[in-house]
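Contents: one structure, followed by commentary.
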Amino acid sequence: MEKIPMTRAGHIALETELKHLKTTERPAIIKAIAEAREHGDLSENAEYHSAKEKQSFIEGRVKELEGAISLADVIDPSKMSGSIKFGAKVTLVDEDTDEEKTYQIVGEYEANIEKGLLNIKSPIARALIGKEEGDSVTVRTPGGERSYEVLKIIYA
C-alpha cells in the first residue's frame with residue numbers, strides 16, 4: 001500500500017476524529033438503535049432505519065480513518081527549505097486580479113480550501129511543486145487558465 005503524506009496537525013486531527021467516533025458517536029448510536037427497537041415493528045420504524053444508516057456511516061468512517069492513519073507518512077515541514085514541496089505555505093498573487101492568497105500544501109485527508117489547506121493532488125498544488133519565489137505559474141482550472149506569481153515560500 002502507498003503511504004499517505006500528511007502534516008503532524010493533519011495526523012492529530014484524524015486521530016482526534018477517530019477517538020470521538022469510537023468513544024462518543026458509536027456508543028450513542030448503539031443506544032439509539034436499542035431505543036428504536038423497543039418501539040416495535042422494525043419494518044416501518046423510521047428511527048430504527050435512520051439510526052442504522054448513521055451507524056453504517058460511522059463504521060465506514062472509522063474504517064477509513066484507521067486505514068489512513070495506518071498508512072500515514074507524517075512529514076515535518078519545518079525541516080524543509082528551498083523550492084515548493086509538500087508542507088510549504090505559499091503566498092501567491094493572481095497576475096490578472098492582483099489578489100493575494102496563501103495556501104499550505106497538505107495531504108488529501110487534511111485538505112480544506114476554505115482554511116487555505118490545498119490538496120497535494122489538486123491542479124494548483126501540482127503546478128506549484130518545484131517552483132521558487134518569483135516564479136510564474138499557469139494553472140488549468142475548470143474555469144480556464146489562471147496565472148500566479150509565487151511571492152513567498154515558508155516552511156513552519
Side-chain angles (χ1 to χ4, degrees), residues 1-92 94 99-131 137 139-146 148 153-156:
M1 299 288 285
E2 189 176 324
K3 287 286 190 181
I4 301 170
M6 66 181 67
T7 63
R8 167 71 47 211
H11 191 259
I12 290 169
L14 291 183
E15 287 179 328
T16 301
E17 182 183 352
L18 180 62
K19 182 179 179 185
H20 174 73
L21 289 173
K22 285 183 166 182
T23 60
T24 306
E25 295 292 326
R26 189 184 264 168
I29 201 65
I30 289 170
K31 183 179 177 189
I33 290 170
E35 287 174 5
R37 275 194 179 126
E38 292 174 5
H39 295 299
D41 184 12
L42 298 181
S43 65
E44 294 183 19
N45 186 330
E47 290 88 7
Y48 175 78
H49 292 290
S50 174
K52 289 296 281 185
E53 191 173 298
K54 186 172 180 183
Q55 181 186 37
S56 177
F57 172 79
I58 290 170
E59 294 306 321
R61 185 67 178 155
V62 165
K63 285 189 185 335
E64 180 183 11
L65 290 172
E66 287 174 340
I69 290 169
S70 72
L71 295 173
D73 181 13
V74 180
I75 297 171
D76 184 358
S78 67
K79 296 181 180 174
M80 298 179 181
S81 62
S83 64
I84 299 172
K85 47 186 135 327
F86 183 88
K89 284 188 181 176
V90 183
T91 302
L92 306 171
D94 187 312
E99 182 182 353
E100 281 189 27
K101 294 182 181 180
T102 301
Y103 297 109
Q104 182 176 15
I105 299 175
V106 298
E108 61 185 303
Y109 283 92
E110 56 191 310
N112 182 334
I113 197 70
E114 286 85 27
K115 294 182 180 177
L117 301 174
L118 199 57
N119 184 342
I120 185 78
K121 295 179 179 181
S122 71
I124 191 167
R126 290 195 319 252
L128 289 171
I129 298 295
K131 300 292 189 240
V137 62
V139 181
R140 285 198 180 128
T141 66
E145 286 194 351
R146 306 291 301 204
Y148 299 97
I153 303 169
I154 300 172
Y155 290 97

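Since the model is a prediction, treat every value here as computed from it, not as a measurement.
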Worksheet item: More than 12 non-hydrogen atoms from neighbouring residues, nucleotides or ligands closer than 6.0 Å to CD on E53, yes or no?
Response: no

Worksheet item: Distance from I124 atom CD1 to N119 atom CG, nearest 0.5 Å?
Response: 12.0 Å

Worksheet item: Any side-chain heavy atom of I153 sitting closer than 4.5 Å to one from T91?
Response: no

Worksheet item: Is a side-chain donor or acceptor of S122 paired with a backbone partner of L118 at a separation under 3.5 angstrom?
Response: no

Discussion item. Under the rule for salt bridge (charged side-chain N to carboxylate O under 4.0 Å, His left out), what residues qualify as partners of R140, not counting sequence neighbours?
Written reply: E145

Worksheet item: With side chains defined as the heavy atoms from C-beta onward, is the minimum distance between E47 and E35 less than 4.5 Å?
Response: no

Worksheet item: If you round to the nearest 0.5 Å, how far is CG of L92 from OG1 of T102?
Response: 7.5 Å

Worksheet item: Rounded to the nearest 0.5 Å, what separation is found between the CG atom of D76 and the OH atom of Y155?
Response: 12.5 Å

Worksheet entry | Any Y148 side-chain heavy atom under 4.5 Å of L128 side chain | no

Worksheet entry | Heavy-atom closest pair, residues A125 and I105 | CB-CG2, 4.2 Å

Practice prompt. Rounded to the nearest 0.5 Å, what's the gap from CD on E64 to CG on L14? Could you check?
Written response: 9.0 Å

Worksheet item: Would you say the side-chain atoms of N45 pair up with the backbone N or O of A36, donor to acceptor, closer than 3.5 Å?
Response: yes

Worksheet item: Any side-chain heavy atom of D94 within less than 4.5 Å of one from K101?
Response: no

Worksheet entry | Heavy-atom side-chain proximity of L18 to V62 below 4.5 angstrom | yes

Please tabulate, for side-chain N and O atoms in residues 65-73, each donor-acceptor pair with protein atoms closer than 3.5 Å (sequence neighbours left out).
unit_1, atom_1, unit_2, atom_2, d
E66, OE2, K22, NZ, 2.8
S70, OG, E66, O, 3.4
S70, OG, G67, O, 2.8

Worksheet item: Run the side-chain contact (heavy atoms from CB on, under 4.5 Å) check on V106 and M6 step by step: do they pass?
Response: CA-CA 6 Å; V106 298; M6 66 181 67; over 6 Å; no

Throw together a table of side-chain donor-acceptor distances under 3.5 angstrom for residues 23-33, partners on residues two or more places apart or in other chains.
unit_1, atom_1, unit_2, atom_2, d
T23, OG1, K19, O, 2.7
E25, OE2, H20, NE2, 3.1
R26, NE, E59, OE2, 2.9
R26, NH2, E59, OE1, 2.8

Worksheet item: Residues in side-chain hydrogen bond (donor to acceptor under 3.5 Å, both in side chains) with E2, at least two apart?
Response: none

Please set out all donor-acceptor pairs under 3.5 angstrom arising from side-chain atoms of residues 79-89, sequence neighbours excluded.
unit_1, atom_1, unit_2, atom_2, d
K85, NZ, S81, O, 2.7
K85, NZ, S83, O, 3.1

Discussion item. To the nearest 0.5 Å, what is the distance between CZ on R146 and OG1 on T141?
Written reply: 6.5 Å

Worksheet item: If you look only at pairs with a residue in residues 109-130, which of them pass as a salt bridge (Lys or Arg N to Asp or Glu O under 4.0 Å), with sequence neighbours excluded?
Response: E108-K121

